[in-house]
Amino acid sequence: MKVTVVGAGAVGASCAEYIAIKNFASEVVLLDIKEGYAEGKAMDLMQTASLNGFDTRIVGSTNDYSKTAGSDICVITSGIPRKPGMTREELIGINAGIVKTVSSNLVKHSPKTIIIVVSNPMDTMTYLVHKTTDLPKSRIIGMGGALDSARFKYRLAEALEAPISDVDGMVIGGHSDTGMVPLTRLATRNSVPVTEFISQERLDQVMEDTKVGGATLTKLLGTSAWYAPGAAVSGLVQAIACDQKKIYPCSVLLEGEYGLNDLCIGVPVILGRNGIEKIVELDLNDAEKEHMNKSAEGVSKTNALLEL
Ligand SMILES: NC(=O)c1ccc[n+]([C@@H]2O[C@H](COP(=O)([O-])OP(=O)(O)OC[C@H]3O[C@@H](n4cnc5c(N)ncnc54)[C@H](O)[C@@H]3O)[C@@H](O)[C@H]2O)c1
Ligand SMILES: O=C(O)C[C@H](O)C(=O)O
């Protein structure tokens, strides 16, 4: 199993590290445009191999895509992150050009690959990859919902004063400060609806804290987060590589599912060796449907800014 990660910055390196530590890939290629940067990160990470007990070979490359040839999975993290006070959507001007060039280079060298898009604004960058490569829709996956759901579970556990392992929940919708749809109605503590334990008011607070999870960290760190994003990507990569058939909310091209068309947005999918093996259609209530439709409107508005 060969995995390429483009962008050896904060998220790319974290992602490579988690993939290596989980020890399911034979090779991870880290590629960056900055001279020597990916080679340096790869060497540093390889020097953790004997300490952390993994056999994955991590190779660095300065913009040489021949090293990525034959990758089963490619992750795109290249591009600029936001600064405090910015929205993810403001990154479109610079990141669209980067994602378009990078995805074209990746597909040239690995025509059968599965692409996982991380660069922001992620739903729109995932749509861009659909529009500019000829990969089938099952092989283009946007990562946002897995991270947002992990943040949702963190906030739920905090509110419930429960261990995170006791808590389950999912966030669908767009990966934006206003577009996320945390499914509080379906969240559980060890199979019991969380509404049995906390008030609707507290749950609404959990929902709001979840939606601004990325902005909260950006304010604290001065740039956006990387540990949980890297871990979330590694979860998707592992589900595909190990044919786990796990359900993750991912940004995928919708063609009528959830009553939506011609956009990529977060919905639950089953991930296996073929990429997106099935889109799971949840029976949303009216409020959730309305929230999802508003979220889709926001994503489509950003998509309209793309020069296709
Ligand atoms: N989808 C998500 O959930 C999620 C989570 C976190 C971050 N992000 C996004 O991921 C992106 C990366 O964030 P980061 O914190 O790692 O940023 P970073 O600045 O630390 O790293 C980005 C790297 O991309 C490289 N790069 C730029 N142009 C390139 C090109 N054409 N080819 C190859 N490499 C190139 C840069 O040299 C840099 O090393 C941002 O757009 C950020 O918003 C998304
Ligand atoms: O918040 C950001 O800009 C980065 C990422 O999308 C995140 O949610 O951490």
Side-chain angles (χ1 to χ4, degrees), residues 4-17 29-42 60-65 67-68 74-106 115-126 128-129 141-152 154 171 173-180 209-236 248-251 264-266:
T4 284
V5 179
V6 181
V11 177
S14 161
C15 171
E17 182 177 15
V29 178
L30 252 183
L31 182 146
D32 203 284
I33 201 162
K34 242 188 275 173
E35 188 68 40
Y37 194 57
E39 287 85 342
K41 289 274 181 115
S61 162
T62 302
N63 223 27
D64 175 4
Y65 281 84
K67 290 198 176 155
T68 72
C74 294
V75 180
I76 303 179
T77 75
S78 45
I80 54 164
R82 64 173 158 166
K83 294 254 177 288
M86 288 174 76
T87 66
R88 297 175 179 89
E89 289 74 11
E90 287 174 67
L91 305 173
I92 189 172
I94 293 178
N95 287 355
I98 294 174
V99 169
K100 190 173 168 189
T101 309
V102 165
S103 54
S104 153
N105 284 330
L106 288 172
I115 289 187
I116 298 179
V117 182
V118 182
S119 310
N120 272 316
M122 181 277 297
D123 298 292
T124 295
M125 294 303 102
T126 308
L128 176 65
V129 175
I141 303 168
M143 194 296 289
L147 170 64
D148 301 332
S149 300
R151 289 180 176 152
F152 184 34
Y154 165 80
V171 178
H175 180 62
S176 69
D177 297 342
T178 52
M180 286 177 210
D209 290 344
T210 300
K211 284 162 69 177
V212 295
T216 303
L217 284 160
T218 302
K219 193 170 168 202
L220 290 168
L221 297 167
T223 184
S224 55
W226 55 89
Y227 294 119
V233 175
S234 76
L236 303 196
Y248 278 105
C250 294
S251 187
C264 295
I265 194 165

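Atoms within a ligand are numbered from 1 in the order they appear, just like the ligands themselves. These numbers come from a predicted model, not from an experiment. Reckoned from all heavy atoms, side chains included, excluding hydrogens, waters and symmetry mates. Positions are given from 1, in the same order as the sequence printed here.
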Let me have the donor-acceptor pairs involving side chains of residues 217-234, under 3.5 Å, with sequence neighbours excluded, atom names and distances please.
from: Thr218; atom 1: OG1; to: Gly214; atom 2: O; distance (Å): 2.8
from: Ser234; atom 1: OG; to: Lys22; atom 2: NZ; distance (Å): 2.8
from: Ser234; atom 1: OG; to: Ala231; atom 2: O; distance (Å): 2.8

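In this structure, Met125 and Ile92 approach most closely via the heavy-atom pair CE-CG1, 4.0 Å. Among all heavy-atom pairs drawn from Thr126 and Ile141, the shortest one is CG2-C, 4.1 Å. Nearest heavy atom pair, residue Gly7 against residue Leu30, reads O-CD2, 3.9 Å.
Checked for salt-bridge contact, Arg151 and Asp209 miss the test: no charged N lies under 4.0 Å from a carboxylate O.
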Q: List the steps, then state whether side chain to side chain contact (heavy atoms under 4.5 Å, CB included) holds for Cys250 with Leu236.
A: CA-CA 9 Å; Cys250 294; Leu236 303 196; 4.0 Å; yes
(Q) Determine whether His175 and Ser251 satisfy the following criterion, side chain to side chain contact (heavy atoms under 4.5 Å, CB included), listing intermediate values before the conclusion. (A) CA-CA 8 Å; His175 180 62; Ser251 187; over 6 Å; no
At less than 3.5 Å, what protein N or O atoms come close to the N or O atoms of ligand 2? Include the distances to 0.1 Å.
from: ligand 2; atom 1: 1 (O); to: Arg82; atom 2: NE; distance (Å): 3.2
from: ligand 2; atom 1: 1 (O); to: Arg82; atom 2: NH2; distance (Å): 2.8
from: ligand 2; atom 1: 1 (O); to: Arg88; atom 2: NH2; distance (Å): 3.3
from: ligand 2; atom 1: 3 (O); to: Arg82; atom 2: NE; distance (Å): 2.6
from: ligand 2; atom 1: 6 (O); to: Arg88; atom 2: NE; distance (Å): 2.8
from: ligand 2; atom 1: 6 (O); to: Asn120; atom 2: ND2; distance (Å): 2.9
from: ligand 2; atom 1: 6 (O); to: His175; atom 2: NE2; distance (Å): 2.6
from: ligand 2; atom 1: 8 (O); to: Arg88; atom 2: NH2; distance (Å): 2.8
from: ligand 2; atom 1: 8 (O); to: Arg151; atom 2: NH1; distance (Å): 2.8
from: ligand 2; atom 1: 8 (O); to: His175; atom 2: NE2; distance (Å): 3.3
from: ligand 2; atom 1: 9 (O); to: Arg151; atom 2: NH1; distance (Å): 3.3
from: ligand 2; atom 1: 9 (O); to: Arg151; atom 2: NH2; distance (Å): 2.8

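Within 4.0 Å of ligand 1, the residues that place a heavy atom are Val6, Gly7, Gly9, Ala10, Val11, Asp32, Ile33, Lys34, Tyr37, Thr77, Ser78, Gly79, Ile80, Pro81, Leu91, Asn95, Ile98, Val102, Val118, Ser119, Asn120, Met122, Met143, Leu147, His175, Ala225, Pro229, listed by chain and number.
Not counting sequence neighbours, the partners of Lys41 by the side-chain hydrogen bond (donor to acceptor under 3.5 Å, both in side chains) test are Tyr37.
Just one residue in the list Leu128, Ile98, Ile76, Val117 forms a side-chain contact (heavy atoms from CB on, under 4.5 Å) with Ser103, and that residue is Ile76.
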